[in-house]
Amino acid sequence: MSSSRIDSLLAEMTLAEKIGQLCQVQPHGRDQEDLVRAGGAGSLINVVGDDAYHYQWLAVEHSRLRIPLLLGRDVIHGFSTVFPIPLGQAASFDPPSVREAAATAARQAAGAGVNWTFSPMLDVVRDPRWGRVAESFGEDPLLASRLGVAMVEGYQGEGVAACAKHFVGYGAAQGGRDYSETAIPPRQLHEVYLPPFEAAVAAGALTVMTGFNDLDGLPMSGHAPLVQGLLKDRWGFDGLVVSDWNSITEMAVHGTAADASECARQSIVAGLDMEMASSSWRHHLEALLERGAVSPQRLDDAVRRVLRVKERLGLFETPYGRSRPAETPATAAFQARQLARRSCVLLENHALLPLGENVGRVAVVGPLADAGHDQLGCWVFDADHGATHSVLAGIRERLGDRRVSFERGLDRCRSDDEHGFQAALDAARSADVVVLCIGEDAGLSGEAHCRAFIELPGAQQRLLDQLAATGVPVVAVVFTGRPLALGAVADKARALLLAWHPGSLGGPAIADLLFGESPSGRLPMTLPRSVGQIPLYYNHKNTGRPPDPDSPRVPSGTPLDPSGFFAAYLDEDHRPQYPFGYGLGYTRFEYADLELTPNVLAPGGTLAASFTLRNVGARAGTEVVQLYVQDLVASVTRPVRELKDFRRVSLEAGESRRIEFELRGEQLAFRGLEGERIVEPGRFRLWLAAHSQTGLSAEFEYAERIADPVGQRDEAPTEEVPAELP
Ligand code: BGC
């Protein structure tokens, strides 16, 4: 798509101005004024507030062509108001709330001059050791796609460009070590790692960022088949592709380029349109063009894309942002509290919760009970720390100071110094219940913050063990940026609430749940028992010798596996501690009367799967109903289950409701042997379930093979993957 404004700008631009548009620079104070005045930067990163407005003013009032700047910032889970980390938001299974949070973050960021956020991070993750799992939506491609789209809509609806990152496969970093190589088989790449990006592009994401990772031999910032070939040519993405921080010049360290000039050449030829941080394009593009190593068409295409994003944001008309109604902090706080409530996952509750307001004395204990900064999690440059409310504050607000005592027990999460234990034990003994806030501080997750072990750090487990030994019931509230191995916590605590890093209003939100509102978060990632089980995810393939799902190590003993060798461990249970999709509330839901109509799905048709959901407990609650499917026989092996849809349903005590989902043929598509997207005829199993290891189930049939599930049948498949793509 072209516009006359972009055409005439291109016609007027000097080569230096064109190259300038493709460079993103981080100023330190006002040290880039001359560059911006000369039209030498298309974008600045990490300038907010007065500096952002100042630089924008220089660009639109004092540069020759008056082209506005893209002003980028990592607005990852909120701006001044911090929402739960993305992994926590994923646990809400609540796209509308995620969209609303992104819109609020965008309004706050735009008020500080920002017009581009480097979010959402759409990397699917199967390894909790990776520090950036905190920034992800977890292990499921459908959940990541839905929530990614919600964030894109939220940001862009408020005039802030979204950035789908990190294209692609970065979440598969080997060993969970950040930046490590990734080796992803093509089928997995297309079925697991690419779908969230395809969904974000279809939803109109204006920008995409390439990853740091080497994917099967090619660093992603030089990956022509996937960036130019798939993203741009096949998917038709016409926004801009930005590198990651220095990821272009890091190709020389990876070893696919000898020097910065070659890094520049490979990256622009691969389809990148803007260089973040490093300056190989500024220094080498002109010479590369002169010697014909980069075509003028590619250069102009990149410039066009940068200008197009600026035009779509409306920056030529309103470079300082659209005028919006002032954000009321109270609205943002309300949203942050609600999303934090919906993000918490209740993993255990042995007749302890909810506490109710008439609970006697509460001992609030633990290094995270009153740690405002740590409950925010990673990537919170712009947080209003004064507006953070801890669990201690939330509980005191409800019960008053008199009934609440507080002892940290440990100064910091990672500390082994037990000198504070005695005071914590004394506080516990004079209380009726202990609320113990433990887990990971904010510095244990995020970029380059990976862990080899996923138990509680420091002496926190010992603190819990000793508190539990007092006999006073303990509610463990676990803050974390990743799935942790929580078996030992579950053994000692009477109730266990997984709060992730819940953001500014985390404290009051947790208090809401402890004292009455039924938790409704569900796990967006499998929680393993130990690090030795990783990777462990629900949508795995079957083996020829599956272990018994109901037993830790005992084989299933089917006639097919007489040898006694099974896909299990000798020294560890093969089952997760808690499965994907799992979470409790204060009531119980029953699933009954599943009906499929019809039970043969024909191409172009739909199948209605309905059942009755009944709240059989004594309290109101919210269930996250999950629809899973397994393709029972196909030309390639298929996962044991795949999430196809989900819905939050709130019911009063005793209420029941008929819930219906619609399933279409294209939702059954997979990548066939030839790399084409197909739906094969045959038998499928469907579950309507509370989590990935349970549910009402029934079989249905898909009637006929179709080559192109999205378009017309009997035509050449439009989804075929060209041979040169991985
Ligand atoms: C991260 C990106 C981030 C960028 C800009 C990089 O180190 O990988 O996710 O957007 O920095 O801060």
Side-chain angles (χ1 to χ4, degrees), residues 77-78 81-85 88-89 91-94 96-98 100-101 104 329-349 352-359 362-364 366 368-372 375-377 387-401 403-404 406 432-437 439 474-479 493-522 583-587 615 617-624 648 650-653:
H77 53 114
T81 304
V82 178
F83 292 89
I85 53 169
Q89 294 191 33
S92 74
F93 281 71
D94 187 359
S97 294
V98 169
E100 210 171 65
T104 296
T331 313
F334 172 83
Q335 291 169 349
R337 184 167 177 165
Q338 173 165 290
L339 190 48
R341 268 198 307 265
R342 294 182 180 185
S343 300
C344 292
V345 186
L346 183 65
L347 296 172
E348 301 284 345
N349 185 20
L352 182 60
L353 297 179
L355 298 174
E357 307 282 341
N358 53 2
V359 65
V362 177
V364 179
L368 294 172
D370 195 28
Q375 77 182 46
L376 300 182
T388 304
H389 302 270
S390 68
V391 173
L392 178 63
I395 293 180
R396 280 195 173 142
E397 196 187 315
R398 280 179 175 263
L399 300 184
D401 289 355
R403 287 156 65 197
V404 181
F406 169 55
D432 298 292
V433 64
V434 177
V435 175
L436 176 64
C437 299
V474 178
V475 184
V477 179
V478 174
F479 294 80
R494 277 271 297 277
L496 168 51
L497 185 71
L498 181 56
W500 315 104
H501 287 136
S504 309
L505 272 293
I510 289 165
D512 292 342
L513 298 175
L514 296 180
F515 289 94
E517 182 170 323
S518 187
S520 59
R522 301 292 184 262
L584 304 169
Y586 298 148
T587 185
N615 180 348
R619 291 170 167 272
T622 299
E623 177 73 333
V624 177
R648 290 174 61 90
S650 299
L651 294 183
E652 295 299 324

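Basis for what follows: all heavy atoms, side chains included, without hydrogens, waters or symmetry-related copies. Just so you know, residue 1 is the first one in the sequence shown, and it goes up from there.
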Whether the side chain of [X] engages the backbone of [Y] through a donor-acceptor N/O pair (distance < 3.5 Å, no angle test) should be reported.
X: R494; Y: V433; result: no
X: N615; Y: L651; result: yes
X: Y586; Y: G617; result: no
X: W500; Y: P84; result: no
X: S92; Y: G88; result: no
X: Q375; Y: H389; result: yes

Got T388 and V82 here, is their nearest side-chain heavy-atom distance under 4.5 Å? no
Between V477 and V435, is there a side-chain heavy-atom distance shorter than 4.5 Å? yes
Any idea which heavy atoms bring [X] and [Y] closest together, and the distance?
X: A91; Y: S343; result: CB-O, 3.3 Å
X: V362; Y: L399; result: CG2-CD1, 3.6 Å
X: P502; Y: F479; result: CD-CD2, 3.5 Å

Using the side-chain contact (heavy atoms from CB on, under 4.5 Å) rule, take F334 and L505 through it: C-alpha gap first, then chi angles, then the decisive distance, then the call. CA-CA 8 Å; F334 172 83; L505 272 293; over 6 Å; no
Candidate list R522, R341, R342, test salt bridge (Lys or Arg N to Asp or Glu O under 4.0 Å), partner D94, passing option: R342
Atom pair OG/CD of S518 and E623 - distance to nearest 0.5 Å: 9.5 Å
Would you please test V364 and R396 for side-chain contact (heavy atoms from CB on, under 4.5 Å) and show each step? CA-CA 10 Å; V364 179; R396 280 195 173 142; over 6 Å; no
